[in-house]
Amino acid sequence: MSQKIVLMFLLLAMVGTTMVQGQGTRVGFYATTCRRAESIVRSTVQSHFTSDSSIAPGLLRMHFHDCFVNGCDASILIDGANTEKTARPNLLLRGYEVIADAKTQLEAECPGVVSCADILALAARDSVVLAKGLTWPVPTGRRDGRVSLASDTSNLPGFTDSIDVQKQKFAAFGLNAQDLVTLVGGHTIGTTACQFFRYRLYNFTTTGNGADPSINPSFVSQLQTLCPQDGDGSRRIALDTGSQNRFDSSFFANLRSGRGILESDQKLWTDATTRTFVQRFLGVRGLAGLTFGAEFGRSMVKMSNIGVKTGTNGEIRRVCSAIN
């Protein structure tokens, strides 16, 4: 039996464990009401990915930001003044057009059946697979929320957060330290802007080269070339140097080498309480190994069940950007 098949069985078992928590979602929720729901979402994401591969990390990040604010209810998609998408942490989110495209096709196929929240959860999984990551079964059956407020986004993890703060923010949703390290590992694909880490390169300290001492000294000069002190703050830099388009564990190898781009990412290595999980993903001798792809699927299922709205609690939006 191949390794991928074994991992798939493990993921199915872990999904079952997660669903015992009674969130109201289940794998195959649309099997009878909209048989092609998942395939329509998959083909839509693939079509957009073919034109622009950067849509994969965009959709993954959007799902994360949705779940951390009032649960996984597609409230991030709602247009309007002072909605979640207008909040500073969400201004650079991408992929709204992919979700809208999938919703249009699903409304033509199965009117009023498939929620925007489920489309987003499925699209995040499909994005990882397109970036050569492992798949996992996505429980569906969420309904869409009716409230979206920019003021509710303060609990989103930030790029300067300490490990203690990150742990607190994750623990508030039932996610533990391993989930934290695993889900942040999603930074193995995608980019960030110079404005979010350039402060680490200049005048961070009053000694040495002035850079954050947790950055590998040989890497500092490379980053300074890419992000000059007075340069374009919107310039995009890979979060996983050398592997920004492939979903793999190289992100953790970069952390071990002092090549984490965001301060909050590098702290996963410098803080002893999270370093062990990074080492386990890297297969460090003497520690029980963890398979990143399998664990990512497990943590994603766990995250995607945060604050799920089911039954009469929520609605099925006909247009994802507007409350019915």
Side-chain angles (χ1 to χ4, degrees), residues 4-5 7-49 59-60 62-63 66-67 70-78 95-130 133-146 294 296-324:
K4 281 193 173 183
I5 293 176
L7 290 173
M8 190 64 180
F9 282 136
L10 286 172
L11 281 169
L12 281 166
M14 289 186 285
V15 168
T17 301
T18 301
M19 289 179 63
V20 170
Q21 298 172 3
Q23 296 291 342
T25 58
R26 68 176 187 272
V27 174
F29 181 84
Y30 298 110
T32 58
T33 56
C34 191
R35 186 174 54 83
R36 295 181 57 239
E38 294 198 23
S39 64
I40 288 173
V41 174
R42 186 182 306 114
S43 63
T44 303
V45 175
Q46 184 164 12
S47 175
H48 285 265
F49 179 85
L59 289 167
L60 182 58
M62 185 186 292
H63 181 45
D66 182 45
C67 291
N70 297 321
C72 309
D73 64 353
S75 52
I76 186 64
L77 304 176
I78 298 174
Y96 295 107
E97 72 282 5
V98 182
I99 305 302
D101 187 0
K103 181 61 170 174
T104 297
Q105 295 181 53
L106 286 164
E107 283 299 305
E109 178 93 3
C110 317
V113 173
V114 182
S115 69
C116 301
D118 279 342
I119 295 172
L120 186 50
L122 292 166
R125 185 271 310 275
D126 296 338
S127 295
V128 169
V129 174
L130 287 167
L134 290 177
T135 190
W136 65 89
V138 175
T140 44
R142 301 165 189 79
R143 291 177 75 83
D144 299 322
R146 301 184 179 94
F296 190 80
R298 183 195 66 81
S299 290
M300 283 291 286
V301 169
K302 195 172 175 182
M303 183 191 77
S304 73
N305 270 328
I306 293 173
V308 165
K309 295 169 178 62
T310 58
T312 58
N313 183 17
E315 64 183 12
I316 303 297
R317 280 184 229 141
R318 303 304 289 264
V319 177
C320 289
S321 60
I323 299 170
N324 289 348

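All heavy atoms count here, side chains included; hydrogens, waters and symmetry mates do not.
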**Student:** What pair of heavy atoms forms the shortest contact from Ala123 to Val45, and how long is it?
**Tutor:** CB-CG2, 3.8 Å

**Student:** Any non-hydrogen side-chain atom of Arg317 less than 4.5 Å from a side-chain atom of Leu77?
**Tutor:** yes

**Student:** For residues Gly145 and Ile78, report the shortest heavy-atom separation together with the two atoms involved.
**Tutor:** O-CD1, 4.0 Å

**Student:** Under 4.5 Å between any side-chain heavy atoms of Leu120 and Asp66, yes or no?
**Tutor:** yes

**Student:** Can you find a pair of side-chain heavy atoms, one from Tyr96 and one from Ile76, that are under 4.5 Å apart?
**Tutor:** yes

**Student:** In Å, rounded to the nearest 0.5 Å, how long is the span from CZ of Phe29 to OG of Ser115?
**Tutor:** 8.0 Å

**Student:** Under 3.5 Å, is there a donor-acceptor pair linking the side chains of Arg142 and Ser304?
**Tutor:** yes

**Student:** Is there a donor-acceptor pair closer than 3.5 Å between any side-chain N or O of Arg146 and the backbone N or O of Gly314?
**Tutor:** yes

**Student:** Could you walk me through whether Trp136 and Val128 pass side chain to side chain contact (heavy atoms under 4.5 Å, CB included), step by step?
**Tutor:** CA-CA 10 Å; Trp136 65 89; Val128 169; 3.9 Å; yes

**Student:** If you look at every heavy atom in Ala37 and Tyr30, which pair is closest and at what distance?
**Tutor:** CB-CB, 4.0 Å

**Student:** State which residues pass side-chain hydrogen bond (donor to acceptor under 3.5 Å, both in side chains) with Arg125; sequence neighbours excluded, sorted by chain then number.
**Tutor:** Glu38

**Student:** Could you report the tightest heavy-atom contact between Leu59 and Ala124, atom names first, then the distance?
**Tutor:** O-CB, 4.2 Å

**Student:** List in chain and number order the residues that pass side-chain hydrogen bond (donor to acceptor under 3.5 Å, both in side chains) with Gln46, two or more places apart in sequence or in another chain; answer none if no residue qualifies.
**Tutor:** none

**Student:** Can you confirm whether Thr104 sits close enough to Glu107 that some side-chain heavy atom of one is under 4.5 Å from a side-chain heavy atom of the other?
**Tutor:** no

**Student:** For Asp101 and His48, what are the C-alpha separation, side-chain angles and deciding distance, and is it a side chain to side chain contact (heavy atoms under 4.5 Å, CB included)?
**Tutor:** CA-CA 10 Å; Asp101 187 0; His48 285 265; 2.9 Å; yes

**Student:** Using modelled atom types only, decide if a donor and an acceptor are shared between the side chain of Lys309 and the backbone of Cys72 within a distance under 3.5 Å.
**Tutor:** no

**Student:** Taking the side chain as C-beta and beyond, is there a heavy-atom pair between Phe49 and Asp126 under 4.5 Å?
**Tutor:** no

**Student:** Looking at every heavy atom in both Ala294 and Leu134, which two are closest together, and how far apart are they?
**Tutor:** N-CD1, 3.7 Å

**Student:** Rounded to the nearest 0.5 Å, how far apart are OG of Ser127 and CE of Met62?
**Tutor:** 10.0 Å

**Student:** Which is it for Leu106 and Val41 under the side chain to side chain contact (heavy atoms under 4.5 Å, CB included) test, yes or no, and what are the steps along the way?
**Tutor:** CA-CA 8 Å; Leu106 286 164; Val41 174; 4.0 Å; yes

**Student:** Is a donor on one side and an acceptor on the other found under 3.5 Å between the side chain of Gln105 and the backbone of Thr44?
**Tutor:** no

**Student:** With rounding to the nearest 0.5 Å, note down the distance linking CG in Leu130 to CZ in Arg42.
**Tutor:** 9.5 Å

**Student:** Would a distance-only check, ignoring hydrogens and angles, find a side-chain to backbone donor-acceptor pair under 3.5 Å from Asn324 to Ile316?
**Tutor:** yes

**Student:** Closer than 3.5 angstrom, by distance alone: can the side chain of Asp144 be matched with the main-chain N or O of Cys116 as a donor-acceptor pair?
**Tutor:** yes

**Student:** Looking at side-chain heavy atoms only, is the closest gap between Ile40 and Glu109 below 4.5 Å?
**Tutor:** yes

**Student:** When you measure from the side chain of Ser39 to the backbone of Arg36, do you find a donor-acceptor pair of N or O atoms at a distance under 3.5 Å?
**Tutor:** yes

**Student:** Can you find a pair of side-chain heavy atoms, one from Asp73 and one from Arg143, that are under 4.5 Å apart?
**Tutor:** no

**Student:** Give the minimum heavy-atom separation between Thr25 and Pro139, together with the two atoms involved.
**Tutor:** OG1-CB, 3.5 Å

